[in-house]
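Worksheet for the structure shown next.
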There are 2 protein chains.
Amino acid sequence: MLMDLAALSGLDARDATRLRVLQCIRSQEEISRTDIAQALDSSPATVTSACGALLEAGLIREVERAPSGAVQRGRPRVMLQINGAAFLLAGIKIARHAFLVVIVDFKGDEIGTYALPLAESRMQADALVRRVRTALDAACDHLGVDVAQIAGIALGMPGFINGQTGFMHWSSSVIERNVDFVPLFQVHLPCPTFLDNDANLVAKAEHLFGAGRGLRNFLVVTVEHGVGMGIVLDGKLYRGERGCGAELGHSKVHIDGAVCQCGQRGCLEAYVGDYAMVRDASTGRQTDAPTSIAEILAMARAGDALAHQVLERASEILGVALANLVNLFDPEHIVLARSRPELDPPYPDIMLDALRRNTVQVDAPLPGLTVRNLDKSMWAKGAAAHGIEMLSILKVRERGAVDAA
Amino acid sequence: MLMDLAALSGLDARDATRLRVLQCIRSQEEISRTDIAQALDSSPATVTSACGALLEAGLIREVERAPSGAVQRGRPRVMLQINGAAFLLAGIKIARHAFLVVIVDFKGDEIGTYALPLAESRMQADALVRRVRTALDAACDHLGVDVAQIAGIALGMPGFINGQTGFMHWSSSVIERNVDFVPLFQVHLPCPTFLDNDANLVAKAEHLFGAGRGLRNFLVVTVEHGVGMGIVLDGKLYRGERGCGAELGHSKVHIDGAVCQCGQRGCLEAYVGDYAMVRDASTGRQTDAPTSIAEILAMARAGDALAHQVLERASEILGVALANLVNLFDPEHIVLARSRPELDPPYPDIMLDALRRNTVQVDAPLPGLTVRNLDKSMWAKGAAAHGIEMLSILKVRERGAVDAA
DNA sequence: AAATATTATTTTGCTCAGTGAAATAAATAT
DNA sequence: ATATTTATTTCACTGAGCAAAATAATATTT
């Protein structure tokens, strides 16, 4: 229901069932065995046995409190929920100028965050992994957590990365190309470590904890310095054949249009990315050129025509880009995550209007749209979500091994 | 491997296995049991039993002829292949001015085609289904096939259609909206009948018989009057949440661009669709306005600047649109199916160049591109492909029921 | 308070798809 | 002819998931 289970390596049918049950529980705040059976369309007997294993492993727990709402006749259902205390996990976003660490528990609740500033934005893979260790230790120290309690680490990084294998084809944060990080993780890090593209991880966070909870088809569009996208289709992340799809930021919105940081022309992010808006709003100014979206907004508010025009155009183009996504993917929902500050009126309306005017009209309502702030911890939380998912698999499998012994 | 089997209604595990084996055989010209076991990653025992059922049902057959190539030691493998004679099937494309019927056998080989011209391009659902019956009878008559031999019918129609349920939300060929065709089929047609969107069906045809054979992620782009797209992800057709995705023709390539037949502006097909090119190449001409792509090509060849410019622009825009698809979907392969006539040099190169220049650069090679002629029978063949797939399911299940008795 | 009704969960015995190992089949090599 | 090799089939078994029966825990009725 939530993830591609069959594709997970070395997971037998029983583990897959347990995992499905675990994810069903996670997708609700709390749920009874009967309801799980119904949700997964399987027999109560199967659910009982899977829950037994999960309880024994400490991954879930029974809730004492009576279920709220109208009291029913008959034996009351026992609600199950994720046992947050099962273990801790570190999500780390490899950003340009810092490593952002968030420590979460198994339920996804945040224990705390920590940022390790960086001098250089690109480094050798080996040095990067050592730095991750430094960041982890510092974060634990800062938050009063024993590093030994951390059961897993998940890293989010821009670039083309195969999240299943931990192989990085290219990243703006790493000097080398084509690096297999797995051996590096094994040498330098104290626990299982996972790596994936950062936009994918935000999609995963939305899928597990956010607006995408329980949805099968939705998109996450991230707008900050550049523009990224995560695609969830059929309940699982779509990565493309070579692992380099979802490059919305470099889809073309104009023939021979504005120059992009990638060197091509007419890329979406060359109009709506932070850097592009700053650049465009600075054109022709000798002094007082804006250096951030906040400054452009302030200037527009103060009546500056160019600033207004840049914001207006970006809003419209982003609306059109979202409309194109609706036309192509027809998703259930789109999450638009953009960095602060939020845009003032009338810009959001310009975007929504462009979205509406450019989607194919059918009877069915448009997909839902959630606009949310993409703060730094969101990225790291996405990494954590990925880690939770991967660790769930490990733990369930581990438990299976214990059973067998 | 080839299709979402679990999603098929009422198909138990055994039927699903048989179907997987059947599709594995279909995906190769011929294949031995051993190789099937390897391809499906299952045991030879399982394959033996599945093949037994399929042989008994007459859906496959053993090939007598010794396998070609170097003669091996040991017991020679017995090659299996689809038994084309298992049954016949009619694929029917509901086009604007005609019903195009193609009769194929179970292997997908064409028995023959037939076109029934239509006076009106839109009609009531009921009348349409009656006409389908007329077309079927006429086609069988014309091709010397007994209608009773036809085991299934598949219809392809433009519009928003749920291919699983046979429910049509909207179609340009039908006057009503929101029609459930299943009861109509039951009343008027002599055998199981399936309905789907036409671009999806072309994708299916490519998947079963064409350039998409054995691929998991590929796109089919159709360019004729308008622009359509079929998306195959993870081995199955992606239809979007509301069944109205893949509207590539109405994705926007210009803000406030050319007017499209859908009423919006800047749609891809308002630049590269046949109607748009004819319109644009006619602009400002009092006489000798072209009425077809062939005429525009002839004019360009004769040195007409406007005709050349229209062709050049359409080629470039189509290249950019394809690049955007690569950037978003990162498919294994793209099939570009366009109606005759083929474009002369330099237009294909302009398109390819635009494609290359606008895709995100990674180490991995670009997805493959097949440009193919989209003749009328292709659509109908797509319908037939869909019908074969659905009928395979029915037949396999039927056989299961016989076994049980 | 006891009996009854109702709903949730667990237990039990069974089914059946898929498997590994052994048997068999069909060819080549010696 | 016999040994070797490879493909396929047979057979006994495993194990996931299920239906039905049993049990548990509650509310309602008598």
Side-chain angles (χ1 to χ4, degrees), chain A residues 5-6 11-21 24-25 30-56 60-80 396-397 399-401 403-404, chain B residues 5-6 11-21 24-25 30-56 60-80 396-397 399-401 403-404:
Chain A
L5 304 167
L11 207 64
D12 66 20
R14 191 165 29 111
D15 290 339
T17 302
R18 288 175 185 173
L19 198 52
R20 253 177 34 238
V21 169
C24 178
I25 296 170
E30 53 178 49
I31 188 170
S32 68
R33 289 173 178 79
T34 312
D35 294 332
I36 295 171
Q38 194 151 29
L40 299 182
D41 198 31
S42 66
S43 75
T46 303
V47 174
T48 289
S49 103
C51 288
L54 294 173
L55 279 165
E56 206 188 331
I60 62 173
R61 65 169 178 223
E62 299 188 334
V63 181
E64 296 303 324
R65 160 176 59 80
S68 58
V71 180
Q72 295 260 320
R73 256 166 89 118
R75 178 173 173 173
R77 38 190 70 180
V78 178
M79 304 307 273
L80 300 169
V396 162
R397 195 185 301 164
R399 170 55 37 184
D403 283 358
Chain B
L5 304 167
L11 207 64
D12 66 20
R14 191 165 29 110
D15 291 338
T17 302
R18 289 176 185 173
L19 198 52
R20 255 179 29 240
V21 169
C24 179
I25 296 170
E30 53 178 47
I31 188 171
S32 69
R33 290 172 176 80
T34 311
D35 293 332
I36 295 171
Q38 194 151 29
L40 300 181
D41 199 30
S42 66
S43 74
T46 303
V47 174
T48 288
S49 105
C51 288
L54 294 173
L55 279 165
E56 205 187 332
I60 62 172
R61 66 170 178 220
E62 299 188 333
V63 181
E64 297 303 324
R65 159 177 59 81
S68 58
V71 180
Q72 296 259 319
R73 253 167 90 121
R75 177 174 175 173
R77 37 190 72 180
V78 178
M79 305 307 273
L80 300 168
V396 162
R397 195 186 300 164
R399 170 55 36 183
D403 282 359

Test C51(A) against V21(A) for side-chain contact (heavy atoms from CB on, under 4.5 Å), laying out the working first.
CA-CA 7 Å; C51(A) 288; V21(A) 169; 3.9 Å; yes

Closer than 4.0 Å, any side-chain N/O of T46(B) to the OP1 or OP2 of dT19(C)?
yes

Quick one: pull up OG1 in T34(A) and CZ in R75(A) and give me the separation to the nearest 0.5 Å.
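These two atoms lie 9.0 Å from each other.
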
Nearest-0.5 Å distance that lies between atom CZ in R14(B) and atom OG in S49(B):
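That separation rounds to 8.5 Å.
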
Separation of atom [atom1] in [X] from atom [atom2] in [N], rounded to whole Å:
| X | N | atom1 | atom2 | answer |
| --- | --- | --- | --- | --- |
| R20(A) | dG17(D) | CZ | C1' | 10 Å |
| R73(B) | dT30(C) | CZ | P | 7 Å |
| D41(A) | dA19(D) | CG | C1' | 15 Å |

Side chain to side chain contact (heavy atoms under 4.5 Å, CB included), paired with I36(A), selected from T48(A), T46(A), V47(A)
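Of all the options given, the one that passes is V47(A).
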
Dump the intermediate steps for salt bridge (Lys or Arg N to Asp or Glu O under 4.0 Å) on R61(B) and E30(B), then the final yes or no.
CA-CA 10 Å; R61(B) 66 170 178 220; E30(B) 53 178 47; over 6 Å; no

Could I get a table of every N or O pair under 3.5 Å where one atom is in the protein and the other is in nucleotides 14-17 of chain C?
| unit_1 | atom_1 | unit_2 | atom_2 | d |
| --- | --- | --- | --- | --- |
| dA17(C) | OP1 | R14(B) | NE | 2.7 |

Write out a two-atom table: protein N or O, nucleotide N or O from nucleotides 8-10 of chain C, distance below 3.5 Å.
| unit_1 | atom_1 | unit_2 | atom_2 | d |
| --- | --- | --- | --- | --- |
| dA8(C) | OP1 | R77(A) | NE | 2.9 |
| dA8(C) | OP1 | R77(A) | NH2 | 2.0 |
| dA8(C) | O4' | R75(A) | O | 3.1 |
| dA8(C) | N3 | R75(A) | NH1 | 3.3 |
| dT9(C) | OP1 | V78(A) | N | 2.8 |
| dT9(C) | OP1 | V78(A) | O | 3.4 |
| dT9(C) | OP2 | T34(A) | N | 2.8 |
| dT9(C) | OP2 | T34(A) | OG1 | 2.2 |
| dT10(C) | OP2 | R33(A) | NE | 2.9 |
| dT10(C) | OP2 | T48(A) | OG1 | 2.8 |

Within a strict 4.5 Å, meaning less than it, do heavy atoms of the I31(B) and C24(B) side chains meet?
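Yes; the side chains approach each other to less than 4.5 Å.
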
When you look at R18(B) and D15(B), which way does the side-chain contact (heavy atoms from CB on, under 4.5 Å) test go after all the steps?
CA-CA 5 Å; R18(B) 289 176 185 173; D15(B) 291 338; 3.9 Å; yes

Charged N to carboxylate O below 4.0 Å: is that the case for R33(B) and E62(B)?
yes

